[in-house]
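Some notes on the structure that comes next.
Just the heavy atoms: all of them, side chains too, but no hydrogens, waters or symmetry mates, feed the values below.
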Amino acid sequence: GRLEADLSSPQALTWVGGWMPQPSKGQDLHLRVKPSRFRASSLSPFLTPVLSYVEGDITGYVDATIATGGRPSRIDEAFLSLSGGAFQIPTVGQEFIDVSAIVRTTARDQLLVEGFRAKAVSGQVAATAAITMQDLQLKRATAGLSTNEANKIRLTLEGVPMGDVWGTVSMSLEAKPDRNDVKVDLRGVNVELSESEERTVQDLAPNSEVVVVPSVGAVRTTQWGWVTSAEPQQQPARPWYVNVGFANPVNITRQGMRFSVTSLQDGSEPLVAMYPDPQTGGLRLTGKVRVADGRVDIVGKHFNIESYRAQVAFEGAASNPELNVTARWDAPDGTRVYADVTGKLQTMNVQLRSDPPRPPGEILALILVGESSTDASSSALTSAEASRAGAGVGTGVAAAGVNQLLSEVAPVGISTRVDTSQRNNVRPTVVVDIARNISAEATVNTGAVPLGQNPDRYLLTLDWRFLQAWSLRTTVG
């Protein structure tokens with residue numbers, strides 16, 4: 001690429017050192033810059049830390065006036081085109097390629113960005129922007145980004161793929177001396193989360209064997225060493241404060257889950273993202289959002305989220321918010337089961353309760369098996385045994401996954417369940433539906449069988465439900 005620059009003035013200039021122009025007070029300099037396939041990577045130092053890198057070819061011209069005597073400089077006219085561009089956003093680890101755009105002036109110090117297109121790993125995004133400059137620096141800007149479902153882009157956080165997103169985002173920026181204030185308005189945004197991602201980003205300590213060679217104020221004194229003639233001043237990065245608003249709820253879906261997220265009804269405690277965080281250098285998120293409505297499938301049961309008690313609070317890392325959510329499921333026998341989720345996401349606590357009240361063991365049996373332990377002629381857990389019942393939730397969830405797989409491949413109704421009500425005897429069971437009201441169950445006693453029960457290791461049970469509330473069961477060992 002090539003970059004040409006012309007500097008002129010209607011008055012004579014004084015040159016310092018034979019190459020640096022020094023205008024007199026009140027004298028203006030007219031600058032014309034003409035890039036021709038100029039590499040955009042030269043602008044990378046000015047875009048850090050917002051962008052990790054930027055690439056592309058810039059062609060066009062910029063006419064500017066450099067004023068003196070305390071008067072602001074200005075951009076008089078500009079027309080630039082970017083082609084074959086690429087950039088990466090470090091906060092999300094997302095890379096965009098095939099970037100193209102046109103930047104032109106509509107008035108003095110007023111720039112319009114149009115025709116912006118960028119492709120991600122999957123999908124693409126389009127954008128327009130209006131920029132106001134002041135003294136050759138960014139003063140304020142407004143922008144709009146959009147993508148549709150056919151061109152949805154991959155949503156990543158620190159390089160880890162989270163799902164896909166599409167919709168419309170409006171933004172406004174005001175550059176202040178100490179910070180950049182951004183307001184983001186989400187409209188018609190949809191997020192499709194992928195299945196659980198096992199990969200995470202590993203934090204690494206600085207490598208003691210890596211030394212960064214200074215470039216500002218550095219003087220090379222030997223063939224292999226550098227010393228600084230004057231200690232360079234490290235200017236702290238101007239932080240970004242992003243205030244997130246919801247024009248309408250954001251729809252989030254995942255297999256077995258769908259819900260809508262929006263701001264609090266009274267507008268208090270808005271969602272604010274800060275980057276970089278002065279303490280961690282990463283992304284910091286504060287504020288609260290409300291789950292307006294939604295449904296979560298737990299072990300094949302549809303739990304509806306109670307909007308009156310469904311808030312997510314952020315205070316620090318965006319990946320570990322504080323949860324305060326209640327979901328409800330209405331059992332076939334009329335029992336209303338509630339799941340209260342509280343605490344940090346990574347260490348959240350789930351408490352089950354019901355109306356009318358039932359012991360914890362019966363609630364678990366109702367969710368995992370579809371009938372309470374009383375209905376199944378099993379001993380109900382006391383409150384002192386609730387902790388042991390909680391240990392069985394994991395095996396119940398695993399059994400639910402097997403049930404889902406069997407429902408897709410088996411020609412007849414086959415399901416599994418795990419009974420953890422006995423202290424030292426976990427009892428896995430396979431159920432085969434022979435007819436509409438007849439089923440066969442195969443159970444294995446994996447531990448010590450309590451006194452008074454069939455001591456056989458393998459049990460076969462036939463169940464005939466001849467009425468809705470009556471059944472005949474027989475078990476042989």
- Query: Atom OG1 of T65 and atom CZ of R74: how far apart are they, to the nearest 0.5 Å?
  - Reply: 3.5 Å
- Note on the structure: The reported gap from CG in L7 to CG in L29 (rounded to nearest 0.5 angstrom) is 5.0 Å
- Item | Pairwise side-chain contact, E95 with Y53, heavy-atom cut-off 4.5 Å (strictly under) | yes
- Item | Heavy-atom side-chain contact between V191 and V250 under 4.5 Å | yes
- Item | 4.5 Å side-chain heavy-atom contact, I66 and D28 | no
- Query: Is there side-chain contact between T335 and D355, with heavy atoms separated by less than 4.5 Å?
  - Reply: no
- Does a side-chain N-to-carboxylate-O contact under 4.0 Å join R238 and D178? no
- What's the spacing between I89 CD1 and L51 CG if we round to 0.5 Å? 6.5 Å
- Query: Backbone N or O of P249 within a donor-acceptor pair of the S260 side chain at under 3.5 Å?
  - Reply: no
- For R328, enumerate each residue passing the salt bridge (Lys or Arg N to Asp or Glu O under 4.0 Å) test, keeping only those at least two apart in sequence or located in another chain. E306, D330
- How are the rings of F96 and F87 set relative to one another: parallel (under 30°), tilted (30 to 60°) or perpendicular (over 60°)? parallel
- For E315, check salt bridge (Lys or Arg N to Asp or Glu O under 4.0 Å) against everything at least two apart and list the hits. R284
Anything under 3.5 Å between a donor and an acceptor, one on a side chain of residues 125-144, the other on a protein residue two or more places apart or in another chain? List them.
{"unit_1": "T132", "atom_1": "OG1", "unit_2": "Q110", "atom_2": "OE1", "d": "3.1"}
{"unit_1": "D135", "atom_1": "OD1", "unit_2": "S73", "atom_2": "N", "d": "2.7"}

- Would you name the heavy atoms of V54 and L43 that are closest together and state the gap between them? CG1-C, 4.5 Å
- Message: Cation-pi check for F79 against R104: NZ or CZ below 6.0 Å from the six-membered ring centre and within 45 degrees of the axis, yes or no?
- Response: no
- Query: Is a side-chain donor or acceptor of T105 paired with a backbone partner of A78 at a separation under 3.5 angstrom?
  - Reply: yes
- Item | N/O donor-acceptor pair under 3.5 Å between S354 side chain and R358 backbone | yes
- Query: Got V244 and L186 here, is their nearest side-chain heavy-atom distance under 4.5 Å?
  - Reply: yes
- Shortest non-hydrogen separation from R353 to T326 and the atoms involved: NH2-CG2, 4.0 Å
- Task: Check the pair L112, V103 against side chain to side chain contact (heavy atoms under 4.5 Å, CB included), reporting the backbone distance first and the verdict last.
- Result: CA-CA 6 Å; L112 178 65; V103 181; over 6 Å; no
- Message: Are D181 and L173 packed together at the side-chain level, in the sense that at least one heavy-atom pair is separated by less than 4.5 angstrom?
- Response: no
- Message: The test is side chain to side chain contact (heavy atoms under 4.5 Å, CB included); show your working for V325 and R309 and say whether it passes.
- Response: CA-CA 6 Å; V325 180; R309 190 173 183 267; over 6 Å; no
- Could you pull out all residues at least two apart from F38 that satisfy side chain to side chain contact (heavy atoms under 4.5 Å, CB included)? L3, P35, S42
- Is there a donor-acceptor pair under 3.5 Å between the side chain of D109 and the backbone N or O of I75? yes
- Answer whether the closest heavy-atom distance between the side chains of K152 and V165 falls below 4.5 Å. no
- Scanning both residues in full, the closest heavy-atom pair of K288 with A313 reads CG-CB, 3.8 Å
- Query: CZ/F259 to CZ/R254 distance, rounded to the nearest 0.5 angstrom?
  - Reply: 9.5 Å
- Item | Under 3.5 Å donor-acceptor, N248 side chain and G188 backbone | yes
- With T253 via side chain to side chain contact (heavy atoms under 4.5 Å, CB included) - residues at least two apart: E192, R258
- Between the side chains of E77 and Y61, is a donor N or O closer than 3.5 angstrom to an acceptor N or O? yes
- Under a 4.0 Å N-O cut-off, is there an ion pair linking D185 with R187? yes
- To the nearest 0.5 Å, what is the distance between CG (D164) and CG (N151)? 11.5 Å
- Query: Does the distance from a Lys or Arg side-chain N to an Asp or Glu carboxylate O, for E4 and R2, drop under 4.0 Å?
  - Reply: yes
- Item | Working for side chain to side chain contact (heavy atoms under 4.5 Å, CB included), residues L285 and L271 | CA-CA 7 Å; L285 201 59; L271 198 62; 4.0 Å; yes
- Query: Are N180 and Y241 close enough, and set up right, to give a side chain to side chain contact (heavy atoms under 4.5 Å, CB included), and what steps lead you there?
  - Reply: CA-CA 6 Å; N180 296 312; Y241 287 82; over 6 Å; no
- How many angstroms lie between atom OG1 of T286 and atom CG of N243, to the nearest 0.5 angstrom? 9.0 Å
- Considering only heavy atoms from C-beta outward, does the side chain of Q124 approach that of T147 to under 4.5 Å? no
- Residue pairs fulfilling side chain to side chain donor-acceptor pair (under 3.5 Å) with at least one residue in residues 32-41, sequence neighbours excluded: R32-D63, R37-D57, R39-E55, R39-D57
- Query: NZ of K344: more than 12 outside heavy atoms within 6.0 angstrom?
  - Reply: yes
- Note on the structure: Between K119 and D98, the two heavy atoms sitting closest are CD-OD2, 3.7 Å
- Query: Which atom names give the shortest non-hydrogen contact between S263 and F246, and what distance separates them?
  - Reply: N-CD1, 3.5 Å
- Item | Contact summary for L193 and M257, nearest pair of heavy atoms | CD1-CE, 4.0 Å
